[in-house]
Amino acid sequence: MKKVIFALSLAALTLTSCGTKKKIAALEAQNKECQDLLNSTTVKLNMCLTEKEALSKQNDYLKQNNSDLINNQKELTMLTSKGAQNLEKSLESLREKDLKITRLQDALTRKDSVTLALVTSLKSSVGISDPDIEVNVEKGVVFISIADKLLFKSGSYVVSDKAKEVLAKVAKVVNDKPTFECMVEGHTDNVPFTGNAVLLDNWDLSVKRSTAIIRVLTKELGVKPSQLIAAGRGEYIPLVENTSADNRSKNRRTRIVVLPKIDEFYDMIEKEMKNQKK
């Protein structure tokens, strides 16, 4: 009987031992599966963390880039605004310059009209049929050129009576233009002046002839002295080469330059500029 009970106990122990091994094996398998899952999950977690870090950096970059773009846009807007203002200022400056040019051209046109009218008046008063008297425009200035044979004797600065008739016509025109000036220029040929107690050379002769004409214009013909300028050019501005008696005769002349006062001319332009800005 004892043997039977021992055998049964041994069999039960054997069966129990076998069941435990199976459970252990199952648990080990389950543990291995969990470990594999854990390892896999850990790998995925690390990948997610790495990706998260990369995305975070990209996000920071995009934020910074967006901020830079906003700042650049603001700067561009400011630059565009300043550029528009500068452009407007430049256009305004150009408009002012164009206006000045237009006003200056208008003033010059009016000056040319006055000059043309003065030439016509002088030619009508002096008479253009006399070949020894020329009325012309040179570089925008009116001048009357009178041959010396109508004014003086050779080597003399005494004004002849015939010259006074011509100068009376000139004086009439000048007196009609009280704001104009007249420069009386004396010119000689290149024959050396021998000199006397009063005159030393052609310079002296040309100046003396100029002042002699001015005295006639002021003292006898009523021209205001403030309108007249005396000038002697000597032999140094010839019309033609002094190679013959005829050419030397052409070079011996008195030129009366009639011109508006330069300061009044520019004052007129300045006033027009100021009136346009109002």
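Remember, predicted model here, so these are calculated numbers, not experimental data. The first residue of the sequence shown is numbered 1, and numbering continues consecutively from there.
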Val207: hydrophobic cluster co-members (side-chain, 4.5 Å):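 None, because no other hydrophobic side chain comes under 4.5 Å of this residue.
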Remaining members of the apolar cluster that contains Trp203, side-chain heavy atoms under 4.5 Å: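 In the cluster with Trp203 are Tyr236.
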Short question: side chain of [X], backbone of [Y] - any donor-acceptor pair under 3.5 Å?
X      : Y      : answer
Ser206 : Glu185 : no
Arg233 : Pro238 : no
Ser145 : Arg255 : no
Thr218 : Ile214 : yes
Ser210 : Gly232 : no

Shared hydrophobic cluster, Val191 / Leu205 (ILVMFWY, side-chain heavy atoms < 4.5 Å):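 No; Leu205 is not reachable from Val191 via cluster members.
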ILVMFWY network linking Ile237 to Phe143, side-chain heavy atoms under 4.5 angstrom: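 As far as the 4.5 Å side-chain criterion goes, Phe143 and Ile237 are not connected within one cluster.
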Interatomic distance, Lys162 atom NZ to Lys149 atom NZ [nearest 0.5 angstrom]: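 Separation between the atoms: 8.5 Å.
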Point-to-point distance, once rounded to the nearest 0.5 Å, from CZ of Arg253 to CD1 of Ile146: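 So the gap between those two atoms works out to 12.0 Å.
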Min side-chain heavy-atom separation Asn251-Leu239 under 4.5 Å: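 Yes, their side chains come closer than 4.5 Å.
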Side chain to side chain, Asn242 and Glu235, heavy atoms closer than 4.5 Å: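 Not touching, per the 4.5 Å side-chain cut-off.
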Salt bridge (charged side-chain N to carboxylate O under 4.0 Å, His left out) contacts in which one or both residues fall within residues 213-227, not counting sequence neighbours: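 Checked against salt bridge (charged side-chain N to carboxylate O under 4.0 Å, His left out) - neighbours excluded - the pairs reaching residues 213-227 are Lys164-Glu220.
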